[in-house]
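Shown next, in structure tokens, is the structure this report addresses.
Computed from a predicted model, the values in this text were never measured in an experiment. A note on names: the letters A, B, ... follow the listed sequences, proteins ahead of strands, and every chain is numbered from 1.
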2 protein chains.
Amino acid sequence: MECVNPPTFRTMGITRRQGRPDVRKRMPTIYEVAARAGVSPATVSRVFNGQNVSADKSRRVREAAETLGFTPNRVARTLRLQNSEVIALVIPDIENPFFTSLARGVEDVAQAAGYSVVLCNTDEDHEKESRYLDIALSANMAGVILAAAGDHSDLDALIRRGRPIVAVDRGPHGYDIDAVLVDSRAGGRAATEALAAQGFRRIACITGPRDVETATLRAEGWRAAVTGLRLEHDEQHLIYADFRIDGGHKAMRQLVELPTPPDAVFVANNLMGVGALQLLAERGLLPPAVGMAVFGDLPIFAPTPLAVTLVSLPARHLGVTAADLLLKRINGDDQPPRTIVLRNQIVASS
Amino acid sequence: MECVNPPTFRTMGITRRQGRPDVRKRMPTIYEVAARAGVSPATVSRVFNGQNVSADKSRRVREAAETLGFTPNRVARTLRLQNSEVIALVIPDIENPFFTSLARGVEDVAQAAGYSVVLCNTDEDHEKESRYLDIALSANMAGVILAAAGDHSDLDALIRRGRPIVAVDRGPHGYDIDAVLVDSRAGGRAATEALAAQGFRRIACITGPRDVETATLRAEGWRAAVTGLRLEHDEQHLIYADFRIDGGHKAMRQLVELPTPPDAVFVANNLMGVGALQLLAERGLLPPAVGMAVFGDLPIFAPTPLAVTLVSLPARHLGVTAADLLLKRINGDDQPPRTIVLRNQIVASS
DNA sequence: ACGATGGCAGAAATCGATTTCACCGTCAAT
DNA sequence: ATTGACGGTGAAATCGATTTCTGCCATCGT
């Protein structure tokens, strides 16, 4: 199935002109509200921040604000307070359903606590990541939830500034900060052992980039299972790919074209799982012809029962937990940093 | 396949304490840089904004900034400039791959132009949407790309303030602003006609909420095809659901359980398509047993060829185009508003 | 009756960058 | 030689809200 995004377009003329004679009205400020209500700006501020103000003035301020359509300027507020009610969520791939579920979890918790979330997509690129972390800092954001692009993120500036950070999905490499993780090593091992239990002997592994912790840990789990169970072991059966659909596809091709191809494969994330399945479908080798286990849930509707073993991940719950932790920190909790490991669960896709 | 997110977790104790004696260092400011370089703050600002400064002082300023680790404070800058290099992208469902693709397009363009994107998820909720629009305004963001949650978003404040807005995917309801759309009506009609061409006579329609433009337009397209081709027509065959997987699942169940069920169905978005397919799979009625056409690309790797007709959408391209348009507006383009309609394309999933 | 306490409110400082205004040299044009 | 223009620079105003500092007035206790 090929879908081409057509580059052509047509423009529909619209003739009525917008009634905007370039007025660009300024927003009403606290001073204008104060003037209209006959009080000082300080009083207006106090009304909006729940301080003690006489009922009479309070009412007048509210009325004035109402008729002027006043909204407090967040930028000024943030500048003065050195703090804003925004948290940054930095993730490596916004098109990966795992991360969007996670984001959803973060959002729900943050929303409920009156915080907004800004989502920053790093595309597994250190430079983009570092730019977004810079922004979080210089925009006085309240905190950061980070799924790091690699193993050497620079969090010094944020930490010096006392901004809370929670690492999620991927560990905090060298920083002693809160983290919410799944057990990649155990998951990789369990998935591989499940394949072995299904009778497969030559089990390969497709994992992510070498500098991404979850990639190496999952591969380690695979290796532990393979050597622990004394299965056949061939170094060509371990491939470092890129955690993307294409990468999984290419890696799988490489594997099936080996002189002695594996009879099963453990794939270290969901998208590469999709890629690998695509290749197997092309070659008519869909599971159970070749054994497959995937770390993560497949973004798949599988009309035919597919014999794939999954390590199911609590993506949303990961986000919820990370957000909870972060909000606690923001509200002054200063226990020593914790690492919370959520359990994964082996599921046979049926 | 059931995947349960286990609510249990265990905490791994970590003992080493963070070496943060609660110093919370302030960031260095332009004043400190100025003092260290022996110049005025104004000069420091000029150095960082490419104004005329003598080579000597410029060098001294740069050195001072370097050693102090100075980063300009974005909040202060934004307050003064009444403008920031951030654009808001407001979408109704971050878990829908259509919108994440779109977001990806927006991001790529914005990044390249030096803008950051903050992603706001409204969950099809007017209140959340209005809160995010408020934030965009009071945070002095440069512009907004909006896929509206319904047909009565309030953009008055943003427009009064002169902030550019581009509507994407869903029209700008009553505002004369730029829009980037696909032709929902034509797509709905074409999809339905394709089903008719495959020989189906009793074609149902599952669409989205009544107050979402794309939902009603796609249903209109379906109706036009059904009446145009004089197919059998039953009002019970039009169901307004919610654009989500579950909604599609329930709606499809409702349809198959009708006394005279349809022999085909046109589903107005990708997620509901997944839900509908899930139900059909449960009942052993997968296409082509029941005809199906879906508006949008299925977030699916389908291992067995599925006889589903797709109206393929240029999601990423929609985002790219909207971002281009917005950036032009931000840079002062003031042509009359344009509506750009990208073409969709009928694709037979094979 | 007098000092003490506390609630309420305004003037002014503050957050950190940008920019206007004014001033000083220097150099080219008249 | 005088005028004008222009590049470089600093002092101070500015963006809009919060908060400290201060003072006023009323209430309370003794």
Side-chain angles (χ1 to χ4, degrees), chain A residues 24-62 64-65 68-86 134-135 137-142 161-162, chain B residues 24-61 64-65 68-86 134-135 137-142 157 161-162:
Chain A
R24 292 204 167 214
K25 269 199 190 146
R26 277 175 53 282
M27 297 293 283
T29 73
I30 207 175
Y31 291 90
E32 289 150 50
V33 175
R36 195 167 216 286
V39 300
S40 77
T43 300
V44 177
S45 170
R46 288 192 261 258
V47 168
F48 280 89
N49 293 288
Q51 311 240 354
N52 283 332
V53 174
S54 71
D56 172 49
K57 299 207 170 169
S58 176
R59 188 184 44 72
R60 269 162 39 213
V61 166
R62 268 177 228 291
L68 291 175
F70 167 76
T71 313
N73 182 314
R74 279 187 153 71
V75 179
R77 181 165 212 274
T78 300
L79 177 60
R80 178 65 228 245
L81 261 39
Q82 301 283 308
N83 192 16
S84 72
E85 274 155 352
V86 174
D134 247 35
I135 290 181
L137 184 63
S138 67
N140 286 349
M141 295 193 192
R161 189 68 204 280
Chain B
R24 292 204 169 213
K25 270 198 191 147
R26 278 176 50 283
M27 297 293 284
T29 73
I30 207 175
Y31 291 90
E32 288 150 52
V33 175
R36 197 166 215 289
V39 300
S40 77
T43 301
V44 177
S45 170
R46 288 193 260 256
V47 168
F48 280 88
N49 293 288
Q51 310 242 354
N52 282 334
V53 174
S54 71
D56 173 49
K57 298 204 172 174
S58 175
R59 188 184 44 72
R60 273 165 32 216
V61 166
L68 291 174
F70 167 76
T71 314
N73 183 313
R74 279 186 152 71
V75 180
R77 182 166 212 275
T78 301
L79 177 60
R80 179 63 228 243
L81 294 178
Q82 302 283 306
N83 192 16
S84 73
E85 275 155 353
V86 174
D134 246 36
I135 291 182
L137 183 62
S138 68
N140 286 350
M141 295 192 191
R161 190 68 206 279

Could you go through the side chain to side chain contact (heavy atoms under 4.5 Å, CB included) check for B:Arg26 and B:Glu32 one step at a time?
-> CA-CA 11 Å; B:Arg26 278 176 50 283; B:Glu32 288 150 52; 3.5 Å; yes

Working for side chain to side chain contact (heavy atoms under 4.5 Å, CB included), residues B:Ser58 and B:Val61 | CA-CA 5 Å; B:Ser58 175; B:Val61 166; 5.9 Å; no

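Atom CD of A:Gln82 and atom P of D:dT18 are 14 Å apart (whole Å). Computed from coordinates, the A:Asn73 CG to D:dA17 P distance equals 5 Å when rounded to whole Å. Atom CG of B:Leu79 is separated from atom P of D:dT14 by 14 Å (rounded to the nearest Å). In this structure, B:Arg77 atom CZ and C:dA17 atom P are separated by 11 Å, rounded to whole Å. Whole-Å rounding puts the A:Leu68 CG to D:dG16 P distance at 14 Å. In this structure, the CD atom of B:Gln51 is 10 Å from the P atom of C:dT18, given to the nearest Å. Summarising the geometry, the separation between OH on A:Tyr31 and P on D:dT18 is reported as 11 Å, rounded to the nearest angstrom. In this entry the distance linking CZ of B:Arg26 with C1' of C:dC15 reads 9 Å, nearest Å.
Formation of a donor-acceptor pair under 3.5 Å by the B:Asn49 side chain with backbone atoms of B:Gln51 is not found in this model. One N or O on the side chain of A:Arg60 and one on the backbone of A:Ala37 form a donor-acceptor pair closer than 3.5 Å.
Put simply, B:Arg80 has no side-chain N or O that comes within less than 4.0 Å of OP1 or OP2 on D:dG16. Between A:Ser45 and the phosphate of D:dT18, there is a side-chain N or O to OP1/OP2 separation shorter than 4.0 Å. Within the structure, a side-chain polar atom (N or O) of A:Asn49 is placed less than 4.0 Å from OP1 or OP2 of D:dT18.
Contact between A:Gly69 and A:Pro28 at its shortest, heavy atoms only, is O-CG, 3.6 Å. Contact between A:Met141 and A:Ser84 at its shortest, heavy atoms only, is CA-OG, 3.6 Å.
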Give me, pair by pair, the N or O atoms of the protein and of nucleotides 8-12 of chain C that are less than 3.5 Å apart, along with how far apart they are.
| unit_1 | atom_1 | unit_2 | atom_2 | d |
| --- | --- | --- | --- | --- |
| C:dC8 | OP2 | A:Asn52 | ND2 | 3.3 |
| C:dA9 | OP1 | A:Ser54 | OG | 2.6 |
| C:dA9 | OP2 | A:Ser54 | N | 2.8 |
| C:dG10 | OP2 | A:Ser40 | N | 2.9 |
| C:dG10 | OP2 | A:Ser40 | OG | 3.1 |
| C:dG10 | OP2 | A:Thr43 | OG1 | 2.6 |
| C:dG10 | N7 | A:Arg46 | NH2 | 2.7 |
| C:dG10 | O6 | A:Arg46 | NH2 | 3.4 |

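The distance from the CG atom of A:Asn73 to the CD1 atom of A:Ile30 is 10.0 Å, given to the nearest 0.5 Å.
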